[in-house]
Amino acid sequence: MLLKIVSIKEKAVPISSSIRNSFIDFSKMNASIVAIQTDVIRDGKPVIGYGFNSNGRYAPSGLLRERFIPRLLEAAPEDITNNEGTNLDPHKIFNVLMTNEKPGGHGERTVAIGTLDMAVWDAVAKIEGVPLYKLLADQYGDGTIDEKVFVYAAGGYYMPNKGLIELQDEMKGYLEAGYTKVKMKVGGDSIAEDVRRIEAVLKVVGSGDNLLVDANGRFNLKEAIAFGEAVKDYKLYWYEEAGDPLDYELQAKLSEVYPHAMATGENLFSLQDATNLIRHGGMNPKTDFLQFDCALSYGLTEYMRILEMLKENGWSSRNCIPHGGHQMSLNIAAGLGLAGNESYPGVFQPFGGFADNYKVENGHVGLPDIPGVGFEAKENLYTLLKTLN
Ligand SMILES: [Mg+2]
């Protein structure tokens, strides 16, 4: 008997927040959650894989309900399972989901498929009875697991009535919570004001090596260079997403003049877009970081293809620190040897953050030893996901 998918459910839920970066405010942001129930029984209960879309893109409910969920439910069991029919095959499922989809113009379908892909991998690891990071290390990596993953605290958002003191207090809170590096938003105010904000945060975190700045694609080339010039002496850990994420020439020209590490990629949602960045973005594999977020970009299945492409181009998985601050990317980081993962302490709840009993210590966090992605070890998230059943 081949394994079967019994049902797939989807719901849009708010992740609203009063924060703002240089480009958008998050007060109307939502996300899709999905549950894929299989007919496999573990511990007396049917295995259910859960997924959600990462922050920054809206719930793709229409695409999921009208196109991708029906496509997956209509697929023949042999087209979505491994050869023995004992587990789901994420790679075959990806091909099913992409049937009758034209290349290019990826749009929001990358988010819809990334959400389903997360639920598929959660189910696959649960059926195997192992944490996803272990399955990845054993089946796709070199068998070794990073017991602790580097995480940095992404915050420093613009908020109404938030001054330098409040910004400093926020950053002090991250250090007290166990983080060693923090990130703040820039580009939402004048360069002079952002420099004042950066200097205020540096007083808290000590050195530029502990501070990352994120312009969220706000700058044109002239502004990006001017900002880089204004902050280069701080030797920041990285300067993120200076210009439009698809403007590879801007990134390349900025890379010629900005002398320190840069990071980008969270808004590139496909292997081809990632390849174009590597080909044309002038980025440096010795210093720079790539932030592709599987949960926004066709899922882990596509992310593995991106890692393969990076390898062919002389990049390492250790150049990757994904966007999103969620448990899915944390599993990938631990199992496939990434450099780390983003973290948003207290923001984008209940999706942001990691297992409840795993505190950040010295800028690193561990993962629970339970089957799947680990959602069941994060109570506020699991409470929400369970409402799909
Ligand atoms: Mg960013």
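Residue numbers count from 1 along this sequence. Counting starts at 1 for both ligands and their atoms, following the listed order. Quick caveat: nothing in here was measured; it's all calculated off a predicted structure.
Ring-centre distance between Phe348 and Tyr344: below the 6.0 Å cut-off. Proximity of the aromatic rings of Tyr152 and Tyr237 is defined here by a centroid distance below 6.0 angstrom, and this criterion is not met.
A cation-pi arrangement, defined by a distance under 6.0 Å to the six-membered ring centre and an angle within 45 degrees of its axis, is absent between Arg57 and Phe269.
A distance of 13.0 Å separates NE2 of His323 from CZ of Phe292, quoted to the nearest 0.5 Å.
For the residue pair Asp209 / Ser207, no side-chain donor-acceptor distance below 3.5 Å is found, with atom types taken as modelled.
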Got a list of side-chain donor-acceptor pairs under 3.5 Å for residues 101-108, not counting sequence neighbours?
unit_1: Glu101; atom_1: OE1; unit_2: Arg67; atom_2: NH2; d: 3.1
unit_1: Glu101; atom_1: OE1; unit_2: Arg109; atom_2: NH1; d: 2.9
unit_1: Glu101; atom_1: OE2; unit_2: Arg67; atom_2: NE; d: 2.8
unit_1: Glu101; atom_1: OE2; unit_2: Arg67; atom_2: NH2; d: 3.4
unit_1: Glu101; atom_1: OE2; unit_2: Arg71; atom_2: NH1; d: 2.9
unit_1: Glu101; atom_1: OE2; unit_2: Arg71; atom_2: NH2; d: 3.2
unit_1: His106; atom_1: ND1; unit_2: Tyr298; atom_2: OH; d: 2.9
unit_1: His106; atom_1: NE2; unit_2: Ser270; atom_2: OG; d: 3.2

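Distances from the Mg ion (ligand 1) under 2.8 Å pick out these protein N/O/S atoms: Asp214 OD2, Glu240 OE2, Glu266 OE1.
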